[in-house]
Amino acid sequence: MKWLSSHTARRVLAVCAPIVLAVVVAVGCSSTGKGSGPANAANAATVSGKDINDLLGQLVDAPEEAMEGYSREKFPHWDTNKTEHGFGPDFAQYSKCTSRDVMMLRDATGSVKLDPKTCELTVGKGGGWQDQYGVMDSKTGKLKPYKFITDPAGVDAEHIVPLAEAWRSGANKRDEDTRRRIANDAVNLIASDPSANRSKGDQDAANYLPPGKFRCGYLEHYVKIKVKYALNVDPAEHTALRNAVADCVSRGEFK
């Protein structure tokens with residue numbers, strides 16, 4: 001996460017069509033007509049019910065570690081776009097840009113360009129970022145309207161597994177290179193509405209799941225990151241994940 005953590009409060013790849021990609025290479029910028037971040041991944045998970053349950057079975061239960069010694073600087077973030085971060089070959093031309101820059105391009109919808117030399121984002125007509133996390137209205141108990149954000153500065157780079165949560169889950173014992181990869185992994189990064197991001201804070205899945213359309217997609221990302229980096233889950237978190245995944249499976253979200 002991008003914002004301050006607390007000890008008590010517990011963040012797909014977009015592929016341009018080949019014809020668009022050819023134009024991109026020719027002009028030196030990429031324009032996305034449809035990203036594959038929350039706006040699209042939310043309604044259809046990419047793994048089967050069996051696969052997600054197999055991943056759940058690989059999680060290791062353990063009590064959370066203390067926050068002692070934590071700082072965001074222990075997770076070097078906004079690294080340049082390296083192959084290991086997993087954005088894929090369609091974004092390889094942006095090797096000078098940061099993982100945040102590339103995530104912003106990947107998750108955009110409509111006309112959005114990223115200059116591979118200056119790493120400047122340009123938003124054209126109809127371009128922007130469609131939040132799918134959702135934010136609850138405390139007065140009505142219902143979802144507020146989803147935000148569509150056209151200003152890149154108004155978008156948060158959400159770590160699906162927050163960095164503070166990763167620290168508590170075992171990253172405190174890992175080397176800096178592992179923490180760097182956690183912070184820049186394409187699967188762990190999503191563009192979001194700042195209000196949604198801040199309502200989450202550094203909470204784990206036992207205390208926060210998106211109330212909106214991205215809930216099942218979020219679960220897939222969260223579990224994949226926990227398994228990939230051998231990050232522990234505490235018993236309450238594990239139970240919450242299993243219950244939420246079962247609900248998504250029952251609704252046909254994991255095919």
Side-chain angles (χ1 to χ4, degrees), residues 1-3 11-41 72-133 148-163 166 176-194 196-197 217 221 224-225 228-229:
M1 289 292 300
K2 174 179 179 178
W3 299 96
R11 175 159 259 36
V12 216
L13 298 173
V15 180
C16 297
I19 189 169
V20 174
L21 185 57
V23 174
V24 165
V25 173
V27 301
C29 291
S30 179
S31 175
T32 67
K34 188 176 184 182
S36 66
N40 303 293
R72 281 180 61 82
E73 287 66 35
K74 299 280 181 73
F75 292 79
H77 46 290
W78 313 151
D79 193 11
T80 51
N81 179 34
K82 298 179 174 65
T83 302
E84 65 184 357
H85 298 323
F87 286 96
D90 295 296
F91 297 94
Q93 63 177 308
Y94 304 105
S95 59
K96 293 183 179 179
C97 303
T98 68
S99 55
R100 186 186 193 281
D101 296 328
V102 177
M103 177 275 297
M104 291 285 286
L105 178 64
R106 182 200 66 185
D107 292 354
T109 186
S111 177
V112 176
K113 296 179 180 180
L114 179 65
D115 189 307
K117 295 181 179 179
T118 66
C119 299
E120 180 180 357
L121 281 162
T122 304
V123 181
K125 185 177 180 180
W129 292 266
Q130 179 64 66
D131 179 67
Q132 297 286 323
Y133 269 68
F148 186 77
I149 306 167
T150 58
D151 180 3
V155 179
D156 270 6
E158 146 82 341
H159 286 100
I160 290 180
V161 174
L163 302 185
E176 185 176 86
D177 186 61
T178 300
R179 293 196 292 266
R180 177 184 60 83
R181 288 186 286 114
I182 292 170
N184 293 278
D185 195 306
V187 176
N188 203 29
L189 289 171
I190 290 288
S192 77
D193 168 13
N197 191 5
H221 288 240
K224 282 181 173 179
I225 290 296
K228 180 176 181 178
Y229 296 102

message = With disulfide bond (SG atoms under 2.5 Å apart) as the rule and sequence neighbours excluded, what pairs involving residues 77-114 come up?
response = C97-C119
ask   = So do the side chains of L105 and V102 get within less than 4.5 Å of each other, counting heavy atoms only?
value = no
message = In the structure I gave you, are the side-chain heavy atoms of W129 and T150 within less than 4.5 Å of one another anywhere?
response = no
ask   = Could you give the distance from CG (D115) to OG1 (T122), rounded to the nearest 0.5 Å?
value = 7.5 Å
query = If only atom types and distance count, is the side chain of D131 paired as donor or acceptor with the main-chain N or O of D193 below 3.5 Å?
reply = yes
ask   = If you draw a 6.0 Å radius around CD in E84, do more than 12 non-hydrogen atoms from other residues or ligands fall strictly inside?
value = yes
note = Tightest non-hydrogen contact, residues R106 and A186, listed as NH1-O, 2.9 Å
key: Crowding at NZ, K82 (>12 non-hydrogen neighbours, <6.0 Å)   = yes
message = Please find the pair of heavy atoms, one from A166 and one from F75, that lie closest to each other, and give the distance.
response = CB-CE2, 4.0 Å
message = The test is side chain to side chain contact (heavy atoms under 4.5 Å, CB included); show your working for T178 and I182 and say whether it passes.
response = CA-CA 6 Å; T178 300; I182 292 170; 4.3 Å; yes
query = H85 and side-chain hydrogen bond (donor to acceptor under 3.5 Å, both in side chains): which partner among T80, N184, D79, N188?
reply = D79
remark   = Applying side chain to side chain contact (heavy atoms under 4.5 Å, CB included) to D177 and not counting sequence neighbours gives D175, R180, R181
request  = Show your reasoning for whether side chain to side chain contact (heavy atoms under 4.5 Å, CB included) applies to V112 and L121.
outcome  = CA-CA 7 Å; V112 176; L121 281 162; 4.0 Å; yes
remark   = Taken to the nearest 0.5 Å, the spacing of E120 CD from D101 CG works out to 10.5 Å
task = I would like to know whether L189 and S99 meet side chain to side chain contact (heavy atoms under 4.5 Å, CB included); could you show each step before the answer?
result = CA-CA 9 Å; L189 289 171; S99 55; 4.1 Å; yes
request  = Give me the ring orientation class for F91 and F87: parallel if the planes are under 30° apart, tilted from 30 to 60°, perpendicular past 60°.
outcome  = perpendicular
message = Applying side chain to side chain contact (heavy atoms under 4.5 Å, CB included) to M104 and V155, what does each step give before you reach the verdict?
response = CA-CA 8 Å; M104 291 285 286; V155 179; 3.7 Å; yes
Donor-acceptor contact present, side-chain D185 to main-chain G86, <3.5 Å = no
query = Looking at side-chain heavy atoms only, is the closest gap between K125 and S111 below 4.5 Å?
reply = no
